[in-house]
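Only one structure is covered here, and it is reproduced in the block below.
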Amino acid sequence: MQSRLLAGRAVSAVLFGGASLSFRTELSEDERRAGLRLALDCGLTFVDTALAYSTTDEPHSSERMIGEVLRERGWVGGVAGAGSGAAEPGFAGAAEPGLTVATKGGHYRDGERFPIDNRPEKLERDVHGSLEALGVDRLDLYYLHRHDENVPIEHSIEALAAMQVQGLIHRIGVSNVDLAELRRAQSVAAIAAVQNPLRHAADSGQREVVAAAEAEGLLVLFYSPLSVMNSSANPSSAVDSSAATGAMGFANAPRIRELGERLGATPQQLVLAWALGISPAAAVVSGAMSATSIRESAAAASLSLSPDDRLSIERALPE
């Protein structure tokens with residue numbers, strides 16, 4: 001498993017995405033817990049979740065399940081302390097080496113709705129709810145999940161920074177932001193990570209955020225990485241010209257079939273490996289829940305792609 005650096009701490013380049021713990025309700029809770037356990041066994045030492053990843057009848061349900069499963073392995077999370085938000089190296093309290101949990105707030109579930117509320121007082125309630133659900137004294141990494149147009153992002157980050165000084169949050173991240181919003185957040189507090197959806201290599205906004213993160217030592221996490229296969233096929237690509245649209249079109253592109261056969265990799269693994277190669281600062285969040293998909297996602301981090309391989313993948317991906 002490749003690793004990445006989160007504010008100086010080594011974390012797995014592929015994360016377990018905790019959304020599936022609440023949204024895959026066709027599976028029993030025991031089956032969903034088993035998926036997390038298997039992901040940990042496969043070397044995914046970085047777990048991603050959020051307040052919004054809740055069932056209709058239980059706020060913080062994903063966080064609760066994660067806390068319970070990780071405590072089976074001796075994880076006690078961050079340990080709060082005076083001034084811990086300042087310059088404390090590393091993360092305290094994880095019995096299993098490298099185990100890190102990131103969660104998010106300012107975005108929540110209300111029945112089938114997912115409102116955004118970044119008011120400082122709401123963020124304070126969100127943070128305390130996450131601490132209780134995970135069963136920890138401090139959150140390793142806490143993101144502002146989505147920017148609330150009714151609240152200046154500076155005010156929201158100030159609230160998180162105040163809780164960082166209190167020792168409730170170790171590192172602050174932002175999610176679903178462009179470069180301008182990242183800069184505004186950085187004007188208030190140190191930002192350790194950015195989490196955005198994966199886009200095609202031609203997306204200028206993604207390139208700007210990745211370049212800034214790489215230059216400044218931030219971690220960039222791509223969520224929904226496989227959705228990059230699902231747009232209309234790129235009509236200008238010779239690789240894709242005879243393929244159907246969407247994920248099947250990508251999988252059936254001649255060079256993708258050849259590449260997969262040569263590397264012994266599925267189309268999904270090729271996309272994950274391609275995403276990890278976008279930057280040394282890039283990591284991917286995997287929502288896999290079946291045993292096969294979890295193992296394949298973890299193994300994708302070991303794939304080695306040449307520049308020509310990467311070009312073949314980029315040409316086959318729809319823009």
Side-chain angles (χ1 to χ4, degrees), residues 17-19 22-23 48-64 85 101-134 138-199 203-210 212-213 216 218-224 227 285 287:
S22 292
F23 297 154
D48 179 82
T49 186
L51 166 59
Y53 305 159
S54 298
T55 58
T56 55
D57 59 350
E58 183 191 355
H60 300 280
S61 55
S62 173
E63 293 170 321
R64 173 186 58 79
V101 176
T103 191
K104 317 176 192 72
H107 180 40
Y108 63 100
R109 185 171 191 175
D110 179 12
E112 297 305 322
R113 298 171 55 249
F114 290 85
I116 301 170
D117 188 345
N118 288 183
R119 291 174 300 157
E121 61 269 27
K122 178 60 165 63
L123 287 171
E124 184 173 359
R125 293 196 298 273
D126 290 354
V127 165
H128 282 280
S130 292
L131 289 166
E132 181 178 358
L134 285 165
R138 185 181 63 198
L139 303 170
D140 292 339
L141 172 63
Y142 195 83
Y143 296 95
L144 186 69
H145 198 161
R146 291 185 182 275
H147 179 207
D148 185 344
E149 293 182 357
N150 298 313
V151 181
I153 194 169
E154 293 87 349
H155 293 182
S156 305
I157 299 299
E158 283 174 357
L160 297 184
M163 287 183 277
Q164 186 180 44
V165 170
Q166 295 169 29
L168 303 179
I169 297 170
H170 191 81
R171 302 292 184 193
I172 297 171
V174 288
S175 182
N176 297 293
V177 296
D178 58 22
L179 182 59
E181 290 167 328
L182 172 59
R183 293 305 188 207
R184 289 174 61 189
Q186 288 177 310
S187 73
V188 177
I191 301 300
V194 180
Q195 185 175 138
N196 281 341
L198 179 63
R199 304 296 188 200
D203 187 280
S204 60
Q206 176 170 282
R207 291 202 308 269
E208 289 177 347
V209 170
V210 169
E216 299 165 25
L218 281 63
L219 184 62
V220 179
L221 302 104
F222 294 123
Y223 72 83
S224 299
S227 65
V285 181

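Here the side chains of R125 and R119 are in contact, with some heavy-atom distance below 4.5 Å. Contact of the T103 side chain with the Y142 side chain is registered, since non-hydrogen atoms from C-beta on lie closer than 4.5 Å. Between I116 and H147, the closest side-chain pair of non-hydrogen atoms is not below 4.5 Å. Side-chain atoms of D140 and R171, non-hydrogen and from C-beta on, never get closer than 4.5 Å to each other. Residues S187 and E154 form a side-chain contact, since some pair of their non-hydrogen atoms from C-beta on lies under 4.5 Å apart. Proximity of L123 to L144: side-chain heavy atoms (C-beta onward) are separated by under 4.5 Å at one or more points.
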Next item on the list: Quick one: do L168 and L139 satisfy side-chain contact (heavy atoms from CB on, under 4.5 Å)? Show the steps, please.
Entry: CA-CA 6 Å; L168 303 179; L139 303 170; over 6 Å; no
Checklist line | side-chain contact (heavy atoms from CB on, under 4.5 Å) between Y223 and N176, worked out | finding: CA-CA 10 Å; Y223 72 83; N176 297 293; 2.5 Å; yes
Next item on the list: For the pair H60 and L134, evaluate side-chain contact (heavy atoms from CB on, under 4.5 Å) and give the outcome as yes or no after the intermediate values.
Entry: CA-CA 9 Å; H60 300 280; L134 285 165; over 6 Å; no
Check: Stepwise, does the side-chain contact (heavy atoms from CB on, under 4.5 Å) test hold for L182 with V174?
Finding: CA-CA 7 Å; L182 172 59; V174 288; 4.0 Å; yes
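A perpendicular orientation is assigned to the rings of Y53 and F23, their planes being inclined by more than 60° (bins at 30° and 60°).
Taking 4.0 Å as the cut-off between side-chain N and carboxylate O, D126 and K104 do not count as a salt-bridged pair.
Remark: side-chain polar atoms of R146 are not paired, donor with acceptor, to backbone N or O of H107 under 3.5 angstrom. In this structure a side-chain-to-backbone donor-acceptor pair under 3.5 Å is missing from H170 to Q164. E181 contributes a side-chain N or O that, together with a main-chain N or O of D178, makes up a donor-acceptor pair within less than 3.5 Å. When atom types are taken as modelled, the side chain of N118 and the backbone of D148 share a donor-acceptor pair closer than 3.5 angstrom.
Nearest heavy-atom pair, N196 versus S175, reported as atom, atom and distance to 0.1 Å: OD1-C, 3.9 Å. Nearest heavy atom pair, residue L141 against residue A193, reads CD2-CB, 4.0 Å. I191 and G173 make their closest contact through CG2-CA, 4.2 Å (heavy atoms, listed as atom of the first residue, atom of the second, distance). Across every non-hydrogen atom of S61 and S54, the tightest pair is OG-CA, 3.2 Å.
Using modelled atom types, one finds no donor on one side chain facing an acceptor on the other under 3.5 Å when comparing S22 with S62. Checked by atom type, the side-chain pair E63/T49 shows no donor-acceptor distance below 3.5 Å. In summary, the side chains of Y143 and D48 do not present any donor paired with an acceptor at a separation below 3.5 Å, with no hydrogens or angles considered.
Distance CE/M163 to CZ/R138: 14.5 Å, rounded to 0.5 Å. Atom CZ of residue R199 and atom OG of residue S227 lie 7.0 Å apart, to the nearest 0.5 angstrom. Taking CD1 from I157 and CD1 from I172, the interatomic distance works out to 6.0 Å, rounded to the nearest 0.5 Å.
Qualifying side chain to side chain donor-acceptor pair (under 3.5 Å) partners for R183, counting only residues two or more places apart in sequence or in other chains: Q186, E216. Among residues two or more places apart in sequence or in another chain, the salt bridge (Lys or Arg N to Asp or Glu O under 4.0 Å) test is passed with E149 by none.
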